[in-house]
Structures are given as C-alpha cells and as structure tokens.
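In what follows, a single structure is set out as structure tokens and then discussed.
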Number of protein chains: 2
Amino acid sequence: MPYDPSAFPPFAVTVDLVVLTVRRHALCALAVRRGEPPFQGRWALPGGFVRADEDLAQAAARELAEETGLRVHDPSVPAQDNGAHLEQLATYGDPKRDPRMRVVSVAHLALAPDLPPPRAGGDASNARWAPVEELLQQGGYGRDTEPVAPLAFDHAQILADGVERARSKIEYSSLATAFCPPEFTVGELRRVYEAVWGVALDPRNFHRKVTGTPGFLVPTGGTTTRQGGRPAQLFRAGGATLLNPPMLRPEV
Amino acid sequence: MPYDPSAFPPFAVTVDLVVLTVRRHALCALAVRRGEPPFQGRWALPGGFVRADEDLAQAAARELAEETGLRVHDPSVPAQDNGAHLEQLATYGDPKRDPRMRVVSVAHLALAPDLPPPRAGGDASNARWAPVEELLQQGGYGRDTEPVAPLAFDHAQILADGVERARSKIEYSSLATAFCPPEFTVGELRRVYEAVWGVALDPRNFHRKVTGTPGFLVPTGGTTTRQGGRPAQLFRAGGATLLNPPMLRPEV
DNA sequence: GTGTTTATCGTCAAGCAGACGACTATGATC
DNA sequence: GATCATAGTCGTCTGCTTGACGATAAACAC
C-alpha cells in the first residue's frame with residue numbers, strides 16, 4: 001500500500017454510543033432526537049465525528065460526557081467512583097448506511113447507574129431514556145400507545161448488538177455492578193440481572209452465588225432499608241472482573 | 001451533525017486480518033513482509049484499504065481470498081465446505097498508529113484449517129505461517145535463533161487481541177471446528193484445543209464432553225487411522241454454535 | 001507375538017446449580 | 001401494639017457435570 005492519497009477513498013469516521021442503564025426494573029438506552037436530515041425528528045443513538053487528533057476511545061468518552069455528564073470509569077483507580085463502563089462494541093461500515101456520504105461508525109457500549117434524565121444541548125425533549133424493547137420494536141407502539149418510528153440509520157442493529165453484548169457479558173464478568181451505584185445491596189444487583197436478562201432469579205440462589213464468588217463483592221459494613229423489608233448489607237464491587245464459574249443465564 | 005464536508009476530518013479505512021490456523025500442534029498466524037515504508041521489510045498482518053463501494057466484511061473477505069485463496073464460510077450453507085470463519089474483531093484508530101496519515105483499521109479474525117504455505121503476490125518469502133508466540137515475543141529469537149523484529153504498526157496488539165478472542169470463543173462455541181478439515185476425529189479436535197490453549201487435555205474427558213454435547217458433532221460413519229493407533233470415528237461439525245455448558249479451559 | 005499408539009468406555013468423588021423450606025428484621029396497617 | 005407484607009439471609013437436598021484415572025480395543029512397527 002504505497003502512500004498515494006488518491007489510492008484510497010476518504011471516509012468520515014464517527015462514534016455512536018449505546019448507553020445502557022436500568023430504570024424502574026427495565027433495561028433502558030439513551031436516545032436523542034435528530035435535529036437535521038436525514039431522519040430528522042427520528043430517534044437515534046448519540047454520537048458524533050471523531051476529531052483529527054483523537055483516539056476512538058477518547059472520542060467515545062467525550063461524546064458520553066457531552067450527552068450525559070458521565071465520566072468514564074478508570075480501571076486504574078480502585079472501585080469507588082460513579083463513572084461509567086465504556087468499551088468498544090463493533091464497527092459499522094455499510095456503504096449505504098448514511099445517505100449523505102461514506103461513514104464508518106465505531107460503536108461503543110457504555111453501562112451506567114441510574115441517572116437523572118439526560119440533557120442534550122440543554123433541551124430535555126431531545127434526549128431520553130427509553131426501554132430497549134420500545135426502541136427495538138419496529139413500527140410498534142410505545143408505552144403511550146404512540147406509534148414508534150424505528151431508530152435512524154442502522155442504529156436499531158447497533159442497539160441490538162449492544163444489548164446482546166451486555167446480556168452475555170454480565171454472565172461471566174462483574175460488569176453488572178456498572179449498573180449499580182457505588183454501594184448497593186445483593187437485591188439491587190439481582191434486579192439488575194433480572195432487568196437485563198428479562199427473567200426472574202431465585203433470590204436465595206443468587207445471594208449464595210454472588211456472595212460465594214471470591215472478589216466479586218466486598219461488604220462495606222453498612223446496611224440500608226431503601227428497598228423496604230429487612231435491612232440489607234451494602235457492598236462495593238470487588239476487584240474480580242472475570243467470574244469463574246460464570247453466572248448462568250436461565251434458558252428461555 | 002450537519003452535512004458539511006469541512007466539518008469532519010477525512011480518514012483512511014483499512015481492514016487488517018488475524019488469520020489463525022493450527023499447524024504442527026501450534027497456533028499460527030499469517031504474516032506478510034512489508035515491501036514499502038514504513039516498517040519496510042518487517043512482518044505485518046495482511047490487510048488493505050476498504051474500497052469506496054465495499055462493506056467492511058466484504059473488504060475483509062476479499063483480502064482473505066487475495067492472501068490465502070480461502071473463501072469465507074457462509075453460515076446459510078450447511079456445514080460441508082472448506083471455508084474459513086470470519087468475524088469482525090475490533091477497530092484500532094490511534095491517531096499515531098500509522099505515521100503517514102490518519103488510518104482507522106477494522107481488524108477481522110479468520111480461522112482456517114491447516115493450509116498449504118501461503119502466497120502473497122506469488123512470492124512465498126513474503127508470506128508465512130508463524131507461531132503466534134514467535135510473532136508476539138518482542139525482540140526475542142524465532143525458531144531459527146534468528147532475531148525477530150516486532151510486528152509493524154500496532155499489529156502485535158491486534159494479533160494478541162485476535163488470539164485472545166479465539167481462545168475464549170472456543171470455550172463456549174463450536175468455533176474450534178473451523179480449524180479442522182470438513183471431516184475430523186475427536187482427537188484432531190482435541191489437538192486444536194490443546195494448541196490454541198497451550199494445555200494438555202484428558203482425552204477421555206474430552207471425548208465424553210464433545211460427544212455428549214448435542215449438536216456439536218455428527219458422525220459421518222467413516223473412520224480413519226491417519227493419526228495412527230486405533231481407527232477413530234470421523235465427524236462433521238453439527239449445527240450447534242453455542243456450547244452449553246461451555247468447554248472449560250483449565251486454569252493456569 | 002510384543003510393544004506402541006490412539007480411541008473409547010466406565011467408575012468414582014467433589015463441586016455446583018436449581019428447587020425450596022425456614023427464619024429474620026424492617027415498615028405499613030389495623 | 002399485634003399483624004401483615006416485604007425483602008434479606010441461611011440451610012438442605014438432589015441431580016448433573018467435571019476431573020482423575022482404570023481398563024479395554026484396534027490399528028501399526030518390529
């Protein structure tokens with residue numbers, strides 16, 4: 001590949017973000033309303049162009065901060081922040097995915113604790129947390145029995161891939177704690193798994209599993225009754241990132 | 001993001017390939033020697049520019065065919081081809097990864113059965129299968145006690161990521177069969193796992209596991225003695241792609 | 001035949017998961 | 001203040017899977 005600028009076609013490179021959180025027992029994704037054509041007025045994933053001097057991860061972290069104010073969790077700093085987990089998801093480069101020009105989008109997956117409603121450019125009506133079911137059902141009806149237009153571009157595919165990544169990754173890693181506040185109870189963690197997988201888990205077996213896996217959870221000593229019922233121990237995420245044996249996702 | 005060509009910097013987009021195979025009980029990757037600067041004369045992963053009208057997967061499949069003659073296995077055709085498995089790996093876009101210009105590379109991972117030595121542009125000395133250990137040891141010595149220069153660009157990182165993906169993916173999928181010819185024995189499949197993981201597996205437990213997992217292997221009825229010893233049954237890859245429970249990689 | 005190699009079947013104990021009983025400690029309700 | 005509902009925590013039991021390993025089978029080399 002000789003260095004000849006005419007030898008390769010120019011591309012625009014963007015990052016798109018699948019930002020997931022758990023709200024009211026449902027897995028939700030951040031969606032923004034498009035202000036310009038194409039797909040004007042339709043919902044889309046947040047994202048933007050990669051700058052000339054920026055790494056892909058930097059660009060994703062910048063977009064995440066712009067859309068949500070979240071900072072990215074730095075693994076080198078021990079677990080006691082409110083930062084989000086951010087990882088590269090996949091890259092989408094169909095020649096026709098953007099009608100304007102050739103755009104390659106490097107999608108990233110972010111997992112965040114429950115947050116206040118987002119602001120996109122200060123306008124709340126242009127950004128929202130929406131249940132992923134709602135965003136993915138094509139041509140169906142949202143919770144207000146209002147017809148839902150499919151996401152712009154190939155963002156439905158990107159979102160579906162991100163959700164699948166999150167669903168599979170919490171099986172064998174401690175990533176589910178990224179959906180929780182810095183201190184959380186076993187029950188809260190269980191409700192994260194239930195929301196992401198869309199299943200009900202046995203509280204007793206779940207408790208045995210997560211407290212019995214070394215390095216997954218470390219007790220902080222405190223307790224809370226914020227979920228009602230008997231006070232529950234508070235935990236922080238332990239250092240372990242890989243769960244072995246994994247948490248088994250129930251069939252069907 | 002308004003459509004303003006001056007609003008975004010132009011990028012070159014390439015695909016790079018981590019092509020893995022198992023040769024002589026070792027996990028090997030395809031490496032090509034660079035003919036031009038930068039990194040002239042150094043080994044690198046095969047790859048090239050994505051064309052203007054080409055999808056990323058198409059570009060990767062084209063490069064794979066150009067370098068190895070391999071066609072990509074089409075999952076819609078039932079398992080009886082000699083095609084390779086191809087999947088997107090990750091995207092690398094550090095602003096300084098290519099000293100010439102801003103290049104974003106979408107790396108792909110290909111798994112192939114053992115092949116005749118490759119030809120890159122017809123010149124055998126410019127392409128070879130090399131054990132991944134050899135390609136990844138920085139500044140060490142190859143099997144000819146010849147000093148080995150690190151791979152060009154960030155290709156050592158890409159290769160390491162591809163190897164790790166392959167190592168983890170054969171745990172919970174039937175992907176190891178992509179390293180095997182269309183018909184293979186349990187022992188041959190076991191030697192694939194041993195080469196990829198770099199461990200020794202108990203032949204009896206391995207046999208029980210793979211033959212006991214529904215949909216993993218289907219017997220063809222034939223037998224072979226090409227490995228010596230008692231004749232072994234021949235199998236084809238079954239339709240199952242996900243192994244549940246997974247094949248457990250021994251610790252350490 | 002004897003030894004070597006590889007394949008294949010079987011046995012046993014330890015560990016883990018799923019189902020589920022029992023008890024505890026809160027707040028809410030009457 | 002007794003009762004109820006809610007959520008958390010500890011145990012038990014059973015079945016399945018794994019890892020370690022003995023034993024047998026069928027080829028080839030000498």
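What you see is a predicted model, and the numbers here were worked out from it, not measured in a lab. All chains are named by letter (A, B, ...) in the order of the sequence lines, taking the proteins before the strands, and each is independently numbered beginning at 1.
Dashed line: the shortest gap from a side-chain N or O of B:H207 to OP1 or OP2 of C:dA7 is not under 4.0 Å. Side-chain nitrogen and oxygen atoms of A:R190 include at least one within less than 4.0 Å of the OP1 or OP2 phosphate oxygen of D:dG8.
For A:V186, taking side-chain heavy atoms from C-beta onward, the closest of the listed nucleotides D:dA27, D:dT9, C:dA7 is D:dT9. Comparing C:dC16, D:dG8, D:dT17 against the side chain of A:P245 picks out C:dC16 as the nearest.
Exactly one of A:L20, A:V196, A:V18 qualifies for a side-chain contact (heavy atoms from CB on, under 4.5 Å) with A:V132. That residue is A:L20.
One interatomic measurement links the two molecules: CZ of A:R230 to C1' of D:dC10, which rounds to 9 Å at whole-angstrom precision. What separates CZ of A:R249 from P of C:dG18 is a distance of 13 Å, to the nearest Å. B:Q227 has its CD atom 16 Å from the C1' atom of D:dA26, to the nearest Å. If you measure from atom CG of A:L234 to atom P of D:dA7, you get 17 Å, rounded to the nearest angstrom. Distance B:K209 NZ to C:dA7 P: 20 Å, rounded to the nearest Å. Atom CZ in A:R204 sits about 13 Å away from atom P in D:dG8, given to the nearest Å. Rounded to whole Å, the distance from CZ on B:R208 to P on C:dT11 is 12 Å. We find that CG of A:N244 is positioned 13 Å from C1' of C:dG15, with the value rounded to whole Å.
You'll find the side chain of B:E66 reaches within 4.5 Å of the side chain of B:E63, heavy atoms only.
Classification of B:E134 and B:R128 as a salt-bridged pair holds, one side-chain N sitting under 4.0 Å from a carboxylate O. Salt-bridge formation is not detected for the pair A:R165/A:E171: no Lys NZ or Arg NE/NH1/NH2 atom is positioned less than 4.0 Å from an Asp or Glu carboxylate oxygen.
Mapped onto DNA chain D by nearest heavy atom, A:G187 and B:L248 fall at different nucleotides, with A:G187 at the one closer to the 5' end. Comparing B:T211 and A:G229, the nucleotide of DNA chain C nearest to each residue sits closer to the 5' end for B:T211.
Looking at heavy-atom distances under 4.0 Å, B:R226 makes no contact with the nucleic acid at all.
A ring-centre distance under 6.0 Å is not found for B:F235 and B:F184.
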